[in-house]
Amino acid sequence: KGRVALVTGASVGIGAAVARALVQQGMRVVGCARSVDKIEKLAAECQSAGYSGTLIPYKCDLSNEEEILSMFSAIKTLHKGVDVCINNAGLAHNEPLLSGKTEGWRNMIDVNVLALSICTREAYKSMKERNVDDGHIININSMGGHRMVPSADEHFYCATKYAVTALTEGIRQELREANTHIRATCISPGIVETEFAFRHHNSDPEKAASVYESMKCLKAEDIASAVTFVLSAPPHVQIGDVQMRPVEQVS
Ligand code: NJP
């Protein structure tokens with residue numbers, strides 16, 4: 001309660017559900033994405049619902065390091081700093097390894113891997129300079145960051161999520177070596193019904209719809225519940241990874 005959380009990719013889907021849940025719990029949440037109008041709408045909804053926290057919309061293209069750094073400096077000026085950093089923004093492009101475009105691969109690396117790393121470094125700096133010892137970094141990973149992947153249109157995306165698995169463990173180790181009690185966790189969902197598949201298969205909306213029609217999928221709110229569970233763990237408990245799939249999902 002009263003702590004400041006940054007949620008990246010808060011305009012829709014999982015990030016919006018996480019931002020809403022944290023505001024409901026009384027946190028001051030800076031929600032960032034490119035479509036800041038959607039976060040403004042969500043902030044108004046949270047306010048009219050009477051939630052005890054606040055949502056502060058911030059426009060940021062996470063594929064641009066300068067924009068990320070300006071956002072952290074604005075957070076420092078306006079809200080002193082970050083106590084919790086939820087690296088949620090992420091995307092998949094339909095670009096197989098043997099025929100895909102470099103531009104699509106680069107965008108996945110920029111957002112899924114580099115932005116997550118830059119935000120983590122800046123959040124840690126912010127916690128350290130204010131002696132925040134109970135901070136938390138939560139990375140929204142994927143089951144695709146843990147298992148062999150089923151189809152070519154996901155190979156590069158999964159590679160970025162394998163990177164998130166490695167980075168989360170690396171962050172945990174570095175935090176320990178730095179002698180802080182700041183924690184690092186990743187949450188690894190299977191299929192969640194959001195805009196994700198429509199963005200992934202943007203030239204084939206029927207294929208995207210069929211992903212969500214194939215089973216009873218996870219909801220963005222299920223992932224938000226996992227985030228609030230992780231944040232509520234007692235200070236000595238380090239949750240490394242929460243893997244969650246729809247019951248009907250096989251791979
Ligand atoms: O995706 P979606 P989810 N700069 O498409 C933002 C992982 N995951 O909520 O800028 C700033 O509804 C975008 O904002 P906007 C997945 O890998 C999902 O499902 O306004 N923000 C939007 O808020 C990802 O890490 C599934 O377009 C940027 C958000 O990212 C996380 O869950 C399965 C941005 C994407 O919202 C959230 O995904 C799984 C940029 N350059 C893992 N680019 C699943 N849904 O099935 C994108 O295993 N965003």
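Just follow the structure's listing: the first ligand is 1, and inside any ligand the first atom is 1. Computation of the quantities below employed the complete heavy-atom set of this structure, encompassing side-chain atoms and omitting hydrogens, waters and symmetry-equivalent molecules. Positions are given from 1 along the sequence.
For Phe72, there are no ring pair (Phe, Tyr, Trp, His ring centres under 6.0 Å) partners, not counting sequence neighbours. Legend: residues meeting side-chain contact (heavy atoms from CB on, under 4.5 Å) with Arg106, ordered by chain and number and at least two apart, are Thr102, Asp110. With sequence neighbours excluded, no residue forms a side-chain hydrogen bond (donor to acceptor under 3.5 Å, both in side chains) with Arg183.
Paired with Ile187 under the rule side-chain contact (heavy atoms from CB on, under 4.5 Å), one option of Ile86, Ile138, Asn141 passes, and it is Ile138.
His93 has its side chain out of reach of Lys101: every pair of non-hydrogen atoms, C-beta onward, lies at least 4.5 Å apart.
When every heavy atom of Ser11 is checked against every heavy atom of Ser35, the shortest pair comes out as CB-O, 3.7 Å.
Enumerated by chain and number, the residues approaching ligand 1 to less than 4.0 Å through a heavy atom are Gly9, Ala10, Ser11, Val12, Gly13, Ile14, Ala33, Arg34, Ser35, Cys60, Asp61, Leu62, Ser63, Asn88, Ala89, Gly90, Val111, Ile140, Asn141, Ser142, Met143, Tyr157, Lys161, Pro189, Gly190, Ile191, Val192, Thr194, Glu195, Phe196, Arg199.
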